[in-house]
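What follows is a short report on a single structure.
All values below come from the heavy atoms of this structure, side chains included, with hydrogens, waters and symmetry mates left out.
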Amino acid sequence: MEDSSVSLIDIAKKRGVTRGAISRQIRVLLKLDYISQSTDPSDRRRLILNLTPSGQQTVSELLPKVQERFSSWMMAFGKENAKQMLFLMNEFRQKVMAEEN
């Protein structure tokens, strides 16, 4: 079985935000039982996150819908405009998250 665990720090680095910003978002996912959190046995300061069965089911249900939505954007706007729209949405997300910090 593939290890799909990820750490809080990995997510923060990838998204370019602080650990605190990710912690607030993670707290919601923990309460909804979409993810579980454990301490890395080799580094007790590092928290490891894994999808729970409920989280895996939710991803399985949502992924086709997300892909379908993106496909409809591609059909409506064309590939380059859809890419530009995603770029702008990501830029907006980064600015909003930076303001939260």
Taking the side chain as every heavy atom from C-beta outward, state whether E91 and F87 have any pair of such atoms under 4.5 Å apart.
yes
From CZ (R19) to OG (S7), nearest 0.5 Å
8.5 Å
Do L29 and L62 share a hydrophobic cluster, counting only Ile, Leu, Val, Met, Phe, Trp and Tyr and linking them when any side-chain heavy atoms are less than 4.5 Å apart?
no
Which atoms form the tightest heavy-atom contact between A12 and I22, and what is the distance?
CA-CG1, 3.7 Å
Could you state whether F77 and M89 fall into the same hydrophobic cluster, counting links through intermediate Ile, Leu, Val, Met, Phe, Trp or Tyr residues with side-chain heavy atoms under 4.5 angstrom apart?
yes
For the backbone of E68 and the side chain of S71, can you confirm whether one donor and one acceptor N or O come within less than 3.5 Å of each other?
no
Quick check: are there more than 12 heavy atoms from other residues, nucleotides or ligands sitting under 6.0 Å from CD of Q84?
no
Here the pair of heavy atoms bringing W73 nearest to L86 is CZ3-CD2, 3.8 Å
From the list I26, I9, T39, side-chain contact (heavy atoms from CB on, under 4.5 Å) partner of L47 resolves to T39
The residue among I48, I35, L49 that forms side-chain contact (heavy atoms from CB on, under 4.5 Å) with V6 is L49
So how far is it from K79 NZ to K83 NZ, rounded to the nearest 0.5 Å?
4.5 Å
Taking all atoms of both residues into account, what is the closest heavy-atom pair of D33 and S54, and its distance?
O-CB, 3.5 Å
Do Q57 and E61 have side-chain atoms, one donor and one acceptor, less than 3.5 Å apart?
yes
With rounding to the nearest 0.5 angstrom, report the OH to CG distance, Y34 to L51.
11.0 Å
Could you check whether any side-chain heavy atom of Q56 comes within less than 4.5 Å of a side-chain heavy atom of N50, counting everything from C-beta outward?
no
Starting at CD of Q25, measure out to CZ of R27 and round the result to the nearest 0.5 Å.
10.5 Å
Heavy atoms of M74 and A82 approach each other most closely as SD-CB, 3.7 Å
